[in-house]
Q: 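Sharing a structure with you now.
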Amino acid sequence: MVGETPPARRSCLVVGNCCHDVLIKDGGVIAESLGGAASFISAVLDGFDVDCRYVSKVGPDFAYSVSHRPIVCSSSQTTLFHAHFSSEIKRRDRVLKRVRACDPIAASDLPDSEFDFGLAVGVGGEILPETLEKMIGICETVFVDIQALIRIFDPADGTVNHVDLKQTGFFHLLPRIGFLKASSDEALYVDVEEARKRCRILVTNGNEGCTVFTENTELKIAPFPTIQVDPTGAGDSFLAGLVAGIAHGLTLPDSALLGNFFGSLTVRQMGHSKFDSQLLQRVKAEVERRRVHHFGSHEKRDDDDDSDEKRDDDDDDEEFFRVLDAVRTVMAPYCLHEWPNSPRPKCSDQQRLLLHSVCEEPPINSVQNKQ
């Protein structure tokens with residue numbers, strides 16, 4: 001709508017340590033990468049004009065340049081993970097081991113400011129119950145990745161395992177958080193039917209998409225077919241896409257679809273995900289069109305409004321999926337930094353035309369293209 005005022009820029013607090021990730025295949029190191037959920041999340045949110053404050057801890061050995069400066073702890077080294085992959089057909093995913101852990105993030109490390117959103121996204125046991133409780137106090141809506149709550153680490157070799165949520169010091173906080181995100185494997189450690197009465201549950205399931213559970217509804221959100229190279233960070237990118245959608249006024253189903261979109265791009269890459277600025281701008285423009293199409297006046301909707309939990313008509317939903325898929329299929333092969341020899345999908349003329357019809361802005365020169 002011409003002259004329509006855009007929504008106010010939303011603020012977000014992201015809490016979780018940056019890490020060093022070493023990827024090992026058949027016993028040999030194939031890559032070393034920046035890791036940690038916060039780093040994957042920033043790769044998405046930095047392109048969506050969400051005003052973010054990051055609280056992460058690293059050691060003096062931290063090896064990467066990041067746009068959001070972490071807290072440097074002189075008394076400990078940066079959290080280090082080894083991700084073990086295998087060529088054996090029976091091994092579908094990876095074995096993750098925490099080799100060392102940086103200091104946890106204390107409640108006193110958090111700012112006293114107030115935020116629209118909070119993301120508790122620890123990966124190495126760095127988020128404490130009192131830290132999450134303070135986040136709940138200063139953030140209007142808190143999104144929690146369950147891995148921050150239920151991960152435990154073998155004392156001998158650091159292999160990552162899980163414990164039931166009720167056995168942690170976090171379970172009593174469920175009624176005070178907005179969203180709990182879990183993979184299908186992690187969901188086994190929480191009673192979803194019980195937990196959905198306390199908060200909204202998001203369960204991701206790889207190539208089957210995701211399911212959104214509220215107290216009274218269950219919504220299955222379509223997946224974007226992709227080729228998995230490395231699953232690291234897929235759930236983080238999903239969560240970032242979800243928050244980006246909600247921050248820009250999309251419904252919960254549309255926001256979850258945006259989460260699936262970014263998750264599908266992340267698994268195509270080895271190590272830390274990188275998104276070209278042109279791809280992010282195209283997606284952001286389509287999100288804006290979607291919002292204007294549905295809501296006209298961009299007044300803030302109540303978080304409990306049932307409109308966030310209802311699907312639009314099927315044709316409209318499919319159109320949003322088709323547009324995102326066109327952007328993904330046409331632009332991802334050229335904009336993503338993939339592992340060498342990763343298979344690339346072919347895009348049809350119809351997908352190219354659809355991309356052209358919804359992305360009318362002039363091309364944006366990326367850093368990669370300028371070099």
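All residue numbers refer to positions in the sequence shown, counting from 1.
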Q: Carefully, step by step, assess E193 and K197 under the rule salt bridge (Lys or Arg N to Asp or Glu O under 4.0 Å).
A: CA-CA 7 Å; E193 289 305 312; K197 299 175 184 177; over 6 Å; no

Q: Are the side chain of T204 and the backbone of C210 linked by a donor-acceptor contact shorter than 3.5 Å?
A: no

Q: Spell out, as yes or no, whether a donor-acceptor pair under 3.5 Å connects the side chain of K134 to the backbone of S108.
A: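 Answer holds: no.
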
Q: What class does the angle between the rings of F262 and F48 fall in, given that below 30° is parallel, 30 to 60° is tilted and above 60° is perpendicular?
A: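 Plane angle over 60°, so perpendicular.
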
Q: Taking V267's backbone N and O only, do any of them form a donor-acceptor pair with Q269's side chain (distance below 3.5 Å, no angle check)?
A: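 Not confirmed, Q269 side chain does not pair with V267 backbone.
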
Q: Using salt bridge (charged side-chain N to carboxylate O under 4.0 Å, His left out) as the criterion, list what pairs up with D109, not counting sequence neighbours.
A: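 Testing D109 for salt bridge (charged side-chain N to carboxylate O under 4.0 Å, His left out), a comparison that skips the adjacent residues, returns K57.
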
Q: For C52, which of C12, S42, S67 qualifies under side chain to side chain contact (heavy atoms under 4.5 Å, CB included)?
A: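 Among C12, S42, S67, the one that satisfies the side chain to side chain contact (heavy atoms under 4.5 Å, CB included) with C52 is C12.
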
Q: Look only at the side chain of T79 and the backbone of C102, and say whether a donor-acceptor pair between them is shorter than 3.5 Å.
A: yes

Q: Is any side-chain heavy atom of R151 less than 4.5 Å from a side-chain heavy atom of I146?
A: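 Of all side-chain heavy-atom pairs linking I146 with R151, none is under 4.5 Å.
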
Q: So, for F261 and F238, is the gap between ring centers shorter than 6.0 Å?
A: no

Q: Measure from NZ or CZ of R196 to the centre of the six-membered ring of F213 and say whether it is under 6.0 Å with the direction within 45° of the ring axis.
A: no

Q: Over 60° means perpendicular and under 30° means parallel, so classify the ring planes of H272 and F40, tilted if in between.
A: tilted

